[in-house]
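One structure is given below, encoded as structure tokens.
Numbering of ligands and ligand atoms starts at 1, following listing order.
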Amino acid sequence: MQANAVPGKYPDDCGPIGVYVHIPFCLSRCDYCGFVSYPFEPALEAHYVEAVIQEFHGLRKSLLFMGHSFPADLDTVYFGGGTPSVFNPESIERIIDAIKRTFNFVHPMEITVEVNPGTYLKNEFLKLQEAGVNRISIGAQSLNNLELRSMNRRHSAADFIRTFINARKSGFQNISVDLLAGYPGQTLSSIMNSLEEIIKLGPEHVSVYMLEIKSGSRIENRIKRTQDEVVDDDLVADMYEAICEKLCSKGLEQYEISNFSRIGMQSRHNLKYWTDQVFLGLGLAAHGMTGRTRYSNVVELDRYLRSTLCKESVVESLIEMDPLTRFKDAMIMGLRLTKGVDLALMSYQYGLDASGIVKDSLGHLDGAGLFTIEDNTIKLTQKGRLLSNIIFSQFI
Ligand code: SF4
């Protein structure tokens with residue numbers, strides 16, 4: 001790989017940052033889940049909120065060393081999980097208030113909370129609004145009750161519809177819905193029926209995730225026992241193509257491998273990941289990127305709670321981001337976007353020969369129909385999006 005010694009002018013390390021807050025608790029375990037999540041116990045809620053706030057104060061001090069003068073600007077906060085909506089809206093508000101006391105909230109702010117169907121009613125949505133939350137992401141996964149049961153989801157299709165309507169009636173104008181594709185037993189018509197029902201509700205944003213069999217998940221064990229359950233690759237490809245076409249025809253434009261939105265309603269927080277911008281991760285197993293370093297937090301709940309109580313760091317791993325490391329990460333994330341990656345801009349920002357590195361890394365895949373390079377911009381094709389891991393692994 002080629003790299004010259006000129007340090008890059010990174011994308012926007014001095015612009016507004018984002019904060020991700022991980023709430024690692026769930027009411028039960030979904031069969032496909034490979035995330036860090038613990039059974040929810042109400043007694044833990046206040047401790048965990050306190051721990052996140054303590055962690056934030058510790059990080060705030062280290063932020064002083066990363067080139068952000070205080071008070072720094074911030075324009076996105078994202079509560080993900082786990083299931084953030086097992087917490088009371090007041091707990092979410094406490095964390096937002098702690099962040100607000102340190103950062104300038106820059107207009108337009110985007111504050112998202114992931115909500116599982118059936119966990120919040122209208123009253124909770126109203127309280128979230130009062131706390132400043134203005135975007136809701138609902139994990140529907142399917143609107144087929146048989147599929148939901150097979151996934152071990154706790155909710156029904158009707159619970160999802162009620163939750164969506166409650167969020168809308170409470171005034172949320174930016175609602176995203178998650179759908180899971182390629183689940184054992186799912187058919188092309190069942191997933192398209194689920195999608196039709198979601199579209200009828202008029203969400204501003206839809207995320208469609210293709211099932212990944214995570215190591216240690218219950219579905220992995222199930223598939224090992226009954227080989228015939230796996231959805232074959234051709235059917236997954238057909239599902240993906242049909243979903244993209246349907247969403248596009250309904251005005252939800254694809255802007256990322258798994259994400260579709262109405263004009264101007266893209267997830268601004270997630271765009272920070274895909275465009276190599278600075279974000280902080282708070283909470284158990286959270287990740288962050290400060291510009292100079294990429295870090296991830298401990299994954300053991302006891303350790304996280306104990307360390308924050310003792311005002312010790314909860315960072316488990318830290319990677320220094322030299323220009324080449326950061327460039328490769330930026331390629332992997334940037335190629336997820338349908339607009340692709342501008343290689344001339346990348347060369348300027350990272351002080352590297354971006355075209356040369358791409359040629360060295362992907363040259364042997366030329367002609368496989370996975371990507372195009374035109375006007376110095378590299379983009380994945382539809383086939384490339386389906387097989388994106390092949391492309392991304394070339395930059396690791
Ligand atoms: S709600 Fe999400 S994090 Fe919780 S068990 Fe299900 S998939 Fe895992």
In terms of atom number and element, which parts of ligand 1 are under 4.0 angstrom from non-hydrogen atoms of [X]?
X      : result
Thr83  : 1 (S), 4 (Fe)
Tyr32  : 7 (S)
Arg153 : 1 (S), 6 (Fe)

To the nearest 0.5 Å, atom CD of Glu147 lies from atom CG of Asn145 at 9.5 Å
So CG of Leu343 and CD1 of Ile357: to nearest 0.5 Å the spacing works out to 10.0 Å
Using heavy atoms and a 4.0 Å limit, tell me yes or no: is Ser28 in contact with ligand 1? yes
Aromatic contact, Phe260 with Tyr255 (centres under 6.0 Å): no
Starting from [atom], which protein heavy atom do you reach first, and at what distance in Å?
atom                    : result
atom 3 (S) of ligand 1  : Gly82 N, 3.3 Å
atom 8 (Fe) of ligand 1 : Cys33 SG, 2.3 Å
atom 1 (S) of ligand 1  : Asn116 ND2, 3.4 Å
atom 4 (Fe) of ligand 1 : Cys26 SG, 2.2 Å

Parallel, tilted or perpendicular: ring planes of Phe56 versus Phe103, cut at 30 and 60 degrees: tilted
Q | Evaluation steps, ring-ring contact (aromatic ring centres under 6.0 Å, His included), between Tyr48 and His22 | A | CA-CA 10 Å; Tyr48 190 79; His22 191 65; 8.2 Å; no
Look only at the side chain of Ser85 and the backbone of Tyr120, and say whether a donor-acceptor pair between them is shorter than 3.5 Å.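 The answer is no, because no donor-acceptor pair under 3.5 Å joins these two groups.
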Note to self: Checking Asp159 against Arg162 for the salt bridge (Lys or Arg N to Asp or Glu O under 4.0 Å) test, could you report, in this order, the C-alpha distance in whole Å, the side-chain angles of both residues, the deciding distance, and whether it holds?
What the structure shows: CA-CA 5 Å; Asp159 291 332; Arg162 257 195 304 276; 2.8 Å; yes
Return yes when at least one N/O/S atom of Cys30 is nearer than 2.8 Å to atom 8 (Fe) of ligand 1, and no when none is.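 Checking Cys30: none of its N, O or S atoms is under 2.8 Å.
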